[in-house]
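Working notes, beginning with the structure itself.
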Amino acid sequence: MSNEEVFLTKEGLAQLEEELKELKGPGRKELAARLKLAISYGDLKENSEYHSAKDDQSFMETRIMILEKMLTKAKIVDESQMDLSKVSMGCIVTLNDIEYSEKIEYRIVGAAEADVLNNKISYESPLGKELLGKKIGDIVSVNAPMGIIKYELLEIKMM
């Protein structure tokens, strides 16, 4: 992980803090219990339950380290200082897909909290980069695997 700041919304910060709390508390306890049970089966060399629990423990401890590092470098976007005349991180945009005449809404967030399935896109994503600084009525073009997609920016709002 780089030494760059990690930009988060207040909601994103709360989610990462909750995930870290869960991993360090119940998550570690559950894994300790799994390891204890697996060890009780004996012969650790051929004990798949033990190796699986150790792998999970490694992934969990890595995630904990990543979250802790993110949280120490977190820079929270002050939504009260946002200028809704142009797109910035933390705002919600309504776009019209020009080709299909479909409206879609996205929240512009930091990379750590991006979740396309929940319409949260990173300001670092191709669409996020194109949207930053744009105003209502602007047309943005994004190069996608299926070709260039054009959107019209219809609305900028806060959550």
Side-chain angles (χ1 to χ4, degrees), residues 1-82 87-95 97 99-100 102-132 140-149 151 156-159:
M1 182 175 210
S2 71
N3 289 327
E4 295 178 22
E5 292 177 319
V6 177
F7 292 95
L8 297 169
T9 61
K10 288 179 186 176
E11 176 187 72
L13 175 67
Q15 288 173 343
L16 292 180
E17 288 174 334
E18 182 59 33
E19 181 183 354
L20 181 61
K21 182 180 170 186
E22 178 70 25
L23 290 173
K24 288 177 97 173
R28 277 183 171 157
K29 287 179 183 172
E30 178 186 312
L31 258 172
R34 280 182 55 205
L35 278 167
K36 186 177 179 181
L37 179 62
I39 289 169
S40 73
Y41 296 149
D43 191 10
L44 299 182
K45 288 182 183 178
E46 295 182 25
N47 186 331
S48 63
E49 288 86 359
Y50 173 77
H51 293 288
S52 174
K54 287 299 281 181
D55 287 345
D56 290 347
Q57 181 183 42
S58 176
F59 288 123
M60 179 186 292
E61 293 304 322
T62 300
R63 181 66 180 161
I64 288 170
M65 285 185 348
I66 289 170
L67 289 172
E68 288 175 339
K69 207 174 255 192
M70 276 185 192
L71 292 172
T72 62
K73 297 178 184 306
K75 180 168 174 38
I76 309 309
V77 174
D78 185 356
E79 295 173 358
S80 68
Q81 300 296 317
M82 290 179 65
V87 177
S88 59
M89 194 180 136
C91 69
I92 296 171
V93 296
T94 303
L95 305 172
D97 181 324
E99 183 178 353
Y100 296 104
E102 291 178 346
K103 290 182 184 174
I104 188 156
E105 194 171 88
Y106 289 113
R107 180 152 191 219
I108 311 298
V109 298
E113 56 186 306
D115 180 359
V116 178
L117 295 177
N118 288 308
N119 292 6
K120 293 180 182 180
I121 61 169
S122 168
Y123 70 94
E124 297 173 328
S125 70
L127 179 56
K129 284 180 186 177
E130 288 295 323
L131 285 169
L132 287 180
V140 296
S141 299
V142 180
N143 198 357
M146 61 184 162
I148 294 176
I149 303 172
Y151 297 99
I156 304 168
K157 62 185 178 181
M158 289 303 307
M159 202 158 164

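The model shown is predicted, which means the values in this text are computed figures rather than measured ones. Just so you know, these numbers use all the heavy atoms, side chains as well, and skip hydrogens, waters and symmetry mates.
- Side-chain contact between Asp56 and Leu31: present, with at least one pair of heavy atoms (C-beta onward) separated by less than 4.5 Å.
- In this structure, OH in Tyr123 is found 12.5 Å from OG in Ser88, a value given to the nearest 0.5 Å.
- Once rounded to the nearest 0.5 Å, the distance linking CG of Leu95 with CG of Leu131 reads 5.5 Å.
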Salt bridge (charged side-chain N to carboxylate O under 4.0 Å, His left out) between Glu22 and Arg28, worked out: CA-CA 8 Å; Glu22 178 70 25; Arg28 277 183 171 157; over 6 Å; no
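- The two atoms that bring Ala112 and Met70 nearest to each other are CB-SD, 3.8 Å, heavy atoms only.
- Without hydrogens or angle criteria, Ser40 side chain to Leu37 main chain gives a donor-acceptor distance under 3.5 Å.
- Closest approach of Gly110 and Ser122 over heavy atoms only: C-OG, 4.2 Å.
- A heavy-atom distance below 4.5 Å is found between the side chains of Arg34 and Ser52.
- Contacts of Tyr50 classified as ring-ring contact (aromatic ring centres under 6.0 Å, His included), with partners at least two apart in sequence or in another chain: none.
- Residues passing the ring-ring contact (aromatic ring centres under 6.0 Å, His included) test with Tyr106, sequence neighbours excluded: none.
- Residues Leu13 and Glu17 meet the side-chain proximity criterion, which asks for heavy atoms closer than 4.5 Å.
- Between Glu68 and Lys24 there is a salt bridge, since at least one side-chain N of the basic residue sits less than 4.0 Å from a carboxylate O of the acidic one.
- Under the 4.5 Å side-chain criterion, counting only non-hydrogen atoms from C-beta, Val6 is not in contact with Lys75.
- Between Met158 and Met82 there is a side-chain heavy-atom pair separated by less than 4.5 Å.
- Scanning all heavy atoms of the two residues, the minimum distance from Thr9 to Gly90 falls at CG2-CA, 4.0 Å.
- For the pair Thr62 (side chain) and Ser58 (backbone), a donor-acceptor distance under 3.5 Å is present.
- Here the CD atom belonging to Glu18 is positioned 10.0 Å from the CG atom belonging to Leu23, to the nearest 0.5 angstrom.
- Salt-bridge check for Glu113 with Arg107: failed, with every basic side-chain N at 4.0 Å or more from each acidic carboxylate O.
- You'll find the side chain of Leu8 reaches within 4.5 Å of the side chain of Leu16, heavy atoms only.
- At a threshold of 4.5 Å between non-hydrogen side-chain atoms, the residues Val93 and Glu105 do not count as touching.
- Once rounded to the nearest 0.5 Å, the distance linking CG of Leu71 with CD of Glu19 reads 9.5 Å.
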side-chain contact (heavy atoms from CB on, under 4.5 Å) evaluation trace for Ile108 with Val87: CA-CA 8 Å; Ile108 311 298; Val87 177; 4.1 Å; yes
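- The structure places NZ of Lys129 at 12.0 Å from CD1 of Ile121, a figure rounded to the nearest 0.5 Å.
- The closest side-chain heavy-atom distance from Ile104 to Asp97 is not below 4.5 Å.
- In this structure, NZ in Lys54 is found 13.0 Å from CZ in Phe59, a value given to the nearest 0.5 Å.
- In this structure, Asn118 contributes its side chain and Lys120 its backbone to no donor-acceptor pair below 3.5 Å.
- For the pair His51 (side chain) and Leu44 (backbone), a donor-acceptor distance under 3.5 Å is present.
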